[in-house]
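Report on the structure given below.
The shown structure was predicted, so the numbers you read here are calculated from the model rather than taken from an experiment.
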Amino acid sequence: MSDWVPTTCMRCAVGCGHLQRGADIGNGIDVVRGDAAHPVNQGLACQRGVRETADPEGEWLTRPMVRRNGELVSTTWDVALSAALRAFQGALDEGSEVAVLGSGQQTNEAAYALGKLARGGFGTRYYDANTTLCMASAVTAYYQAFGSDAPPCSYDDIPEAEAHVVWGANPAAAHPVMFRWIRQAANEDGVELLAVDPVATETAEAADAHVAPEPGQDLALARAVLARVVETDRVDEAFVAEATEGFDDLRATLPDSESAADRAGVSPEDVDRLADAFARDVLCYWGMGVNQHVQGTDISRALIDLCLATGNLRPGSGPFSLTGQANSMGTRVCSCKGSWPGQRPFQDPDERALVADEWGVPVDRLPDDAGPGPVGTFDAFGDDVEVAYTVATNPVAGMPDASAAKAALADTFLVAQDAFRTETTDLADVVLPAATWGESEGTAMNMERTVSRVRAATEPPSGVWTDLRIVATIGARLFPGLFDDPDPDPETLFDEFAGLTAGSIADMSGITYDRLEDRKALRWPAPDAETDAGYRYYDGDEGNRGYVPRDGDNGVEPEPDTGEESWSFPTPSGKAGFSTARQEGLPEPVDDDYPLTLTTARESEQYNTGVRSRDVDDLDPVVARVNPETVAASGAVEDGTVVVETRRDAVPAAVDPDSAVPEGLVWLPIHHPATNRLTVDALDPQSKEPNFKQCAVRLVAPADRATVGATSPARADD
């Protein structure tokens, strides 16, 4: 019988420790359970993480493939790699760019290697990852407010908070282990849980109160809450004066709370309830419901502003963005996607020179900006970009206005690397089969900055290579010297990356595999062999973690205030910054032709674009959750089915009448490949994250579709 192997679950960004046991015969994982010795989850594990690790239902890729006479056929690694290398080299010889799209599903080591290949080998600006599609607005807001990405708080703060506000996120479905901690904390006397979401989600059902703004009006609501805090004299003036800048400018732009509440579509009582929560020690969590908006950065900043104005930047409180994919944080910190390793800024020529020297490449090969983002990269296909390389991502289903994205990829030479068959691998010219969870070695980084080991419990099938081996082999063959070994030891790559972070904002130079073996998990910044970081930016009394409850007893014995509180931020002034943005319009408001609003969100039983849990060929129609009153008013639903149409496309859907969805809203899951054929590719100009959440739709009866199609640009081709 195989031994139990301790590893990190790669299902989501909570970062739970698992124990996995490989199958006794053949490949694959036989049994998975939570690891009681892991400091993150202490034995807890969600069943979907267990199930999708041990028994994924997607179609595994087991052999390399190349396209011949229009069909994908199995081949050898030598043939497949040769085809990919010819395409890459041909693009470079012609002066064209190679686009590279990575993923939050890679280990830190594989993500670092991919960034090294993209930036230090291809020298391309057109490199990004699917993490930009869900997290970029929060990332940008953290940088603007604090000078660094990633939450200041961590899981340690959850039991200490007096209030928990979950805004535009549904952790009950997306992060069930973490949500269990939040619910346990909120069950304590005097502690409350509030949910802000247009939809009555599972999280809202468990909350003490649910505030439901009009779709897309989150910034108006956040400004209403802050205005109410100001109106009732609950600003932490001492903290604001000592640790922040720009509050007077913000105060001057605030609307009155009542008019802002009216624009947001909520009552003054709802605003008061939220203002009361922020006047306590509050953790404010948010997710894609905030980020995936043309003002996603502004909304994220507004939530940070609420925390700053009320002094909620101490242990037991703070702004906590919820990351989706297992290694989104690692992709942000180590992959050279939006910054050089350790959050070294792209625009700094000294940082570029340092990275070029470490990699042994000409400094002018490295781009001097992070690139145009995923949507901008697709816009360049057929122009600047002739060849694309996707790794562990499915943009044919995951990009906004996905039909247009598919058309762009179809006209591009595509090398697709994945563990499972996807809509993207079906379109590829070369398919490279990669190892998945339980078959790879490395590390991952969860949403609270904690690094832990990823270990293999079984060998990959004989025709499958790890992401790291594939990337390094391509890099070694195209750019001699960039990688010393075409099949590198993950620990060697980790040490290289960690060394590059030394002295940076996200310093991990004190983390090693040996130290992770001893401690299981370590949180950055960790600049030496003794440090394991806690709350960021706050310099308080270490004896009480700087924790001094301001409004009652939440179960933690307060210690005397030593008067030693201070804060420091990696900003030019050393202070955190406020913002002054106001609510603007949506990119595609409803009108007489398209009178309903589409929103998208996660389901509890699915993952990303669903490739681990569905058949690409035998796909059920997407399920649209629609309020029963909206269903009745439309008159379009026939035998439980309807066509959902936007100005871009139309898709058939099964209708689930659901009163949890407000009238006028159509809810679709992000995991179904039909969903993003409808969404709009408008971007937040600051973060380059698309506005997946609100666009104008209409419901059309299936029998009437042919008539509508004669005058509509939509393409109902399912």
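The side-chain heavy atoms of Val100 and Tyr126, taken from C-beta on, include no pair separated by under 4.5 Å. Here the side chains of Pro345 and Asp348 are in contact, with some heavy-atom distance below 4.5 Å. Using a 4.5 Å heavy-atom threshold, the side chains of Arg314 and Asp236 count as touching. Within the 4.5 Å cutoff, no side-chain heavy atoms of Gln343 are placed close to those of Ser504. Annotation: side chain of Val391 is in contact with side chain of Asp467 (closest heavy-atom distance under 4.5 Å). In this structure, the side chains of Ser148 and Tyr537 come closer than 4.5 Å at one or more pairs of heavy atoms. Glu109 is listed as a side-chain neighbour of Thr443, based on a closest heavy-atom distance under 4.5 Å. Between Lys337 and Thr132 there is a side-chain heavy-atom pair separated by less than 4.5 Å.
The ring pair (Phe, Tyr, Trp, His ring centres under 6.0 Å) pairs that include a residue from residues 501-533 are Phe494-Tyr513, where partners are two or more places apart or lie in different chains. Residue pairs satisfying the side-chain hydrogen bond (donor to acceptor under 3.5 Å, both in side chains) criterion with at least one member in residues 287-303, sequence neighbours excluded, are listed as follows: Gln144-Arg301, Trp286-Asn291, Trp286-Ser300, Asn291-Ser300, Gln292-Lys693, Gln295-Asp298, Thr297-Asp684, Asp298-Gln686. Counting only residues at least two apart or on different chains, the salt bridge (charged side-chain N to carboxylate O under 4.0 Å, His left out) pairs with a member in residues 519-535 are Asp156-Arg523, Glu448-Arg523, Arg519-Asp532. For residues 359-371, the pairs satisfying side-chain hydrogen bond (donor to acceptor under 3.5 Å, both in side chains) are Tyr112-Trp359, Arg125-Asp369, with sequence neighbours left out. Applying the salt bridge (charged side-chain N to carboxylate O under 4.0 Å, His left out) test to residues at least two apart or on different chains, the pairs with a partner in residues 142-153 are Asp149-Arg332. Contacts classified as ring pair (Phe, Tyr, Trp, His ring centres under 6.0 Å) and involving residues 325-357 (residues at least two apart or in different chains) are given here: Trp340-Phe346. Pairs engaging residues 571-581 under the salt bridge (charged side-chain N to carboxylate O under 4.0 Å, His left out) rule: none recorded [sequence neighbours left out].
Going from atom SG of Cys153 over to atom CZ of Phe320 covers 5.5 Å, rounded to the nearest 0.5 Å.
Side chain of Tyr535 to main chain of Ser317: a donor-acceptor pair is present (N/O by atom type, distance under 3.5 Å, no hydrogens or angles). A donor-acceptor pair is defined here as one N or O able to donate and one able to accept, closer than 3.5 Å; no such pair exists between the side chain of Tyr155 and the backbone of Trp181. Remark: the backbone N or O of Phe278 is paired with a side-chain donor or acceptor of Asn312 at under 3.5 angstrom. Listed for the Asn130 side chain is no donor-acceptor partner under 3.5 Å among the backbone atoms of Thr393. With hydrogens and angles disregarded, no donor-acceptor distance shorter than 3.5 Å links the side chain of Arg449 to the backbone of Met329.
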Below 3.5 Å, can you tabulate the donor-acceptor pairs from side chains in residues 220-232 to any protein atom, sequence neighbours excluded?
from: Arg223; atom 1: NE; to: Ala581; atom 2: O; distance (Å): 3.2
from: Arg223; atom 1: NH1; to: Asp305; atom 2: OD2; distance (Å): 3.1
from: Arg223; atom 1: NH2; to: Asp305; atom 2: OD2; distance (Å): 3.3
from: Arg223; atom 1: NH2; to: Ser579; atom 2: O; distance (Å): 3.1
from: Arg223; atom 1: NH2; to: Ser579; atom 2: OG; distance (Å): 3.3
from: Arg228; atom 1: NE; to: Asp272; atom 2: OD1; distance (Å): 2.6
from: Arg228; atom 1: NH1; to: Glu231; atom 2: OE1; distance (Å): 3.2
from: Glu231; atom 1: OE1; to: Ser257; atom 2: OG; distance (Å): 2.8
from: Glu231; atom 1: OE2; to: Ser257; atom 2: N; distance (Å): 3.0
from: Glu231; atom 1: OE2; to: Ser257; atom 2: OG; distance (Å): 3.4
from: Thr232; atom 1: OG1; to: Arg228; atom 2: O; distance (Å): 2.7
from: Thr232; atom 1: OG1; to: Val229; atom 2: O; distance (Å): 3.4
from: Thr232; atom 1: OG1; to: Arg234; atom 2: NE; distance (Å): 2.9
from: Thr232; atom 1: OG1; to: Arg234; atom 2: NH2; distance (Å): 3.3

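Under the ring pair (Phe, Tyr, Trp, His ring centres under 6.0 Å) criterion, Trp567 pairs with Phe239, Tyr538, not counting sequence neighbours. Considering only residues two or more places apart in sequence or on other chains, Gln347 meets the side chain to side chain donor-acceptor pair (under 3.5 Å) condition with none of them. The side chain to side chain donor-acceptor pair (under 3.5 Å) search around Lys116 returns Glu496, not counting sequence neighbours. Taking Phe179 as the reference, nothing meets the ring pair (Phe, Tyr, Trp, His ring centres under 6.0 Å) condition, with sequence neighbours excluded.
Shown are Glu441, His38, Glu517; of these, the side-chain hydrogen bond (donor to acceptor under 3.5 Å, both in side chains) with Arg453 is made only by Glu441. A side-chain hydrogen bond (donor to acceptor under 3.5 Å, both in side chains) with Asn327 holds for exactly one of Thr107, Thr131, Asn108, Thr8; it is Asn108.
For the 3.5 Å distance criterion, the side chains of Asp507 and Ser509 qualify, holding a donor opposite an acceptor.
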